[in-house]
Asker: 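The structure's right below; bear with me while I get my questions together.
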There are 2 protein chains.
Amino acid sequence: MEPVSPEQVADFRRFNRCLTRRIGALDDHYLGQDRPLGEARLLFEIAEREGPDGVSLRELRSRLGLDAGYLSRMTKTLRAQGLVRLSVHTQDSRLRTVRLTRAGRAEVTEQNRRADSLAAGVLGRLDPGGRARLTEAMATTRRLLRLAAITVERVDGHHPDARACLDAYADDLDVRFPEGFDRTDLVGAEEVSGAAGAFFVAYEEGRPVGCGALLRQAAGTGEIRHVWVHADARRLGLARRVLDTLETEALRRGWTVVRLDTHAALTEARAMYRSAGYTEIPAYDDHVYADHWFEKRLSR
Amino acid sequence: MEPVSPEQVADFRRFNRCLTRRIGALDDHYLGQDRPLGEARLLFEIAEREGPDGVSLRELRSRLGLDAGYLSRMTKTLRAQGLVRLSVHTQDSRLRTVRLTRAGRAEVTEQNRRADSLAAGVLGRLDPGGRARLTEAMATTRRLLRLAAITVERVDGHHPDARACLDAYADDLDVRFPEGFDRTDLVGAEEVSGAAGAFFVAYEEGRPVGCGALLRQAAGTGEIRHVWVHADARRLGLARRVLDTLETEALRRGWTVVRLDTHAALTEARAMYRSAGYTEIPAYDDHVYADHWFEKRLSR
DNA sequence: CCGTTCCTTTGACTAGAGTCAAAGAACCAT
DNA sequence: ATGGTTCTTTGACTCTAGTCAAAGGAACGG
């Protein structure tokens, strides 16, 4: 890809320096008041992850990347402060489940209130136009930083991450299609392996957040299927990135045309394909869920 | 001022959370490799502040806000690693001067190279359009966060910060005006005190970075003078903010018209006044440095 | 020249953050 | 049932980061 210009690198680093200097004022965790940072972080994580049955120490440990002993001790002090309750996991009694007590919940709410008012204080020093521009620029920064942190990797069709993506994809379609979606329509693992095709998964911090499949359709022609992005990772431009990856892979295989079909319900997808250079063509198959067919001629 | 909308607060906090999570990858200091964070920070600060005669421990201490003992010990370990040299200050032998050795300089350069390549790595995962949008959004975020962190405060005309600003202002004008600038033209401390007028200084992290004066000109009319912004704080919209503050102060005093004059050399200033709602009027004085005269009718 | 103030060094602490290893209880596959 | 694995707890550490106070040398003001 094109090299990164030194000016952009300099801008990037200026931003980092500026932010790490101000991070004290920005970081929610510094609002942990008299509580040590580690505990404050843990408390927030519990509040965030806690389901109806609380959250297991194991999950917290992997989320926060903490040492088991360290975590055990910290939860002990939180318990001593009356902020959390510990109990044995209902399914697996090796695990402990943590949940917030009423006092713990109140504490978290209070911290959030404080962080909100701090943020409002900063924004309040700008005029309304400035506020709008700042929040807009922050949102753009966040979106693009997230996108830059996501990697798209080729995985085997049998890989659990591939199957997990396809499952989630099927669930999404089942909701969106008025007629529902039948999972037997999904590609088989062999169809996207070896010379037949390829499967790609997008990872954000190790978590699969998107996918896409490429299959051989005819000599020199590939078919793109199952381009999907997790709800949490939408509006980042990730689908476009997956598409780029699939096209690059097609070219690598010497396929100069790619096609795809899509359902009438997926209007944003159609817009995306058009803006990515795809043109609508007549039906090339009689696929149940297909209402629109697209094609793109690849070059270079 | 208008209240801050909850959506904007939420956006702001999402940004903070996202950034503190990624800060490990962004923060230059985390590149200090095997060196403790404190030492790495110190090393960078020395590199940044070091003049031809090095930099005094005293200055480092106040810049970084460190305990004297802590600083002393850290410089000792840096010295033991051969990265800095310590010597007695030439003017005041109570002070110690630190300067980087060749090895220290090499270390800093290497860290910078590493930080650059890390930044380039992140940017490189975006397409050129995304890179441009990201660096642009980062720059906007930085500018507006800086602006929001600046406070504009009324100070007495005799206050050292007021005099320092006027000195810097005079130096700037002396360079920009073809005919030079005579400091006796500056307002006296009494002209901006009490009922006669007011003087405002803009502070960024305790450092004066801008100023503006308001003087009574005639009944119900104020004159704005000496609106100045430090070179480091330009292009943030600070002049506009100072101007707003002066107008608010004028209104508070019941003055419904403010006027100002400006020199032909200051083209950006003229544009700024126009966009702030000032209209050009005929000369209202025969001030030496005045070529253009502006007026604004204040309301509410 | 004398007392006060300023700057640095040193010693003696504390608290937070985190690591490592051992051990016990529970689960799982065979 | 049994051996291996997983999860949590506990004890014993280490390393940073930072505070506080005492002390000594240098500068400064009168």
Side-chain angles (χ1 to χ4, degrees), chain A residues 20-21 23-24 27 29-46 49 53-81 83-99, chain B residues 20-21 23-24 27 29-46 49 53-81 83-99:
Chain A
T20 45
R21 192 169 308 177
I23 214 67
D27 189 354
H29 300 311
Y30 278 75
L31 294 167
Q33 295 289 94
D34 40 356
R35 202 179 310 289
L37 207 109
E39 283 174 29
R41 214 149 48 192
L42 177 56
L43 196 63
F44 267 88
E45 200 65 26
I46 295 171
R49 303 290 163 198
D53 305 333
V55 55
S56 68
L57 282 187
R58 178 163 164 274
E59 188 179 341
L60 289 172
R61 198 153 52 78
S62 79
R63 288 269 175 202
L64 294 168
L66 295 174
D67 174 78
Y70 187 28
L71 176 63
S72 172
R73 248 177 286 262
M74 279 202 296
T75 43
K76 205 164 82 174
T77 73
L78 285 182
R79 198 186 46 190
Q81 290 168 26
L83 300 174
V84 302
R85 253 198 325 274
L86 270 171
S87 53
V88 176
H89 196 274
T90 42
Q91 263 98 67
D92 182 343
S93 33
R94 286 171 304 179
L95 279 73
R96 291 300 117 90
T97 345
V98 204
R99 68 195 74 196
Chain B
T20 45
R21 192 169 308 177
I23 213 64
D27 189 353
H29 300 311
Y30 278 72
L31 293 167
Q33 295 289 92
D34 40 356
R35 202 180 309 290
L37 206 109
E39 284 174 29
R41 214 149 46 193
L42 178 56
L43 196 63
F44 266 89
E45 199 67 25
I46 295 171
R49 303 289 164 199
D53 305 334
V55 55
S56 67
L57 283 187
R58 180 164 162 272
E59 188 179 342
L60 289 171
R61 198 153 51 80
S62 78
R63 287 269 176 203
L64 295 169
L66 295 175
D67 174 78
Y70 187 28
L71 177 63
S72 173
R73 248 178 286 262
M74 279 203 296
T75 45
K76 205 163 83 174
T77 72
L78 286 182
R79 199 186 46 190
Q81 291 168 26
L83 300 174
V84 301
R85 254 198 321 276
L86 269 171
S87 53
V88 176
H89 198 274
T90 42
Q91 264 99 66
D92 184 341
S93 31
R94 286 172 304 180
L95 279 74
R96 290 301 117 89
T97 328
V98 203
R99 70 195 73 196

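Below, chain A is the first sequence line, B the second, and so on; all start at residue 1.
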Asker: Respond yes when some side-chain nitrogen or oxygen of A/K76 is under 4.0 Å from OP1 or OP2 of D/dT8, and no when none is.
Answerer: no
Asker: Nearest-Å distance, NE2 (B/H89) to P (C/dT9)?
Answerer: 14 Å
Asker: Classify every nucleotide of nucleotides 24-30 of chain C by which part a protein heavy atom approaches to under 4.0 Å, writing B for the base, S for the sugar-phosphate alone and - for neither, in 5'-to-3' order.
Answerer: --BS---
Asker: Would you mind reading off the distance between B/L42 atom CG and D/dT16 atom P, rounded to a whole angstrom?
Answerer: 15 Å
Asker: Any heavy-atom pair between the side chains of A/L83 and A/R35 that's under 4.5 Å?
Answerer: yes
Asker: Measure the distance from CD on A/E59 to P on D/dT6 and round it to the nearest whole Å.
Answerer: 18 Å
Asker: Please report the distance, rounded to the nearest Å, between CG in B/L71 and C1' in D/dT16.
Answerer: 16 Å
Asker: Rounding to a whole Å, what distance do you find between A/L86:CG and D/dC7:C1'?
Answerer: 13 Å
Asker: Distance check, rounded to the nearest 0.5 Å: A/R49 atom CZ versus A/L64 atom CG?
Answerer: 8.5 Å
Asker: Quickly, which of B/L71, B/L95, B/I46 forms a side chain to side chain contact (heavy atoms under 4.5 Å, CB included) with B/L57? Name it, please.
Answerer: B/L71
Asker: Let me have a per-nucleotide readout for nucleotides 13-23 of chain C, 5' to 3', with B, S or -, counting only protein heavy atoms under 4.0 Å.
Answerer: ---SSBBB---
Asker: Identify, with sequence neighbours excluded, every residue that meets side chain to side chain donor-acceptor pair (under 3.5 Å) alongside B/E59.
Answerer: none
Asker: Considering residues at least two apart in sequence or located in another chain, which fulfil the side-chain contact (heavy atoms from CB on, under 4.5 Å) criterion with B/R94?
Answerer: B/D92
Asker: Salt bridge (charged side-chain N to carboxylate O under 4.0 Å, His left out) with A/R73: which residues, sequence neighbours excluded?
Answerer: none
Asker: In whole angstrom, give the distance that lies between atom CZ of B/R61 and atom P of C/dC6.
Answerer: 11 Å
Asker: OG1/A/T75 to CZ/A/R96 distance, rounded to the nearest 0.5 angstrom?
Answerer: 10.0 Å
Asker: Using the test side-chain contact (heavy atoms from CB on, under 4.5 Å), find all partners of B/T97 that sit at least two apart in sequence or belong to another chain.
Answerer: B/S87, B/H89, B/R99
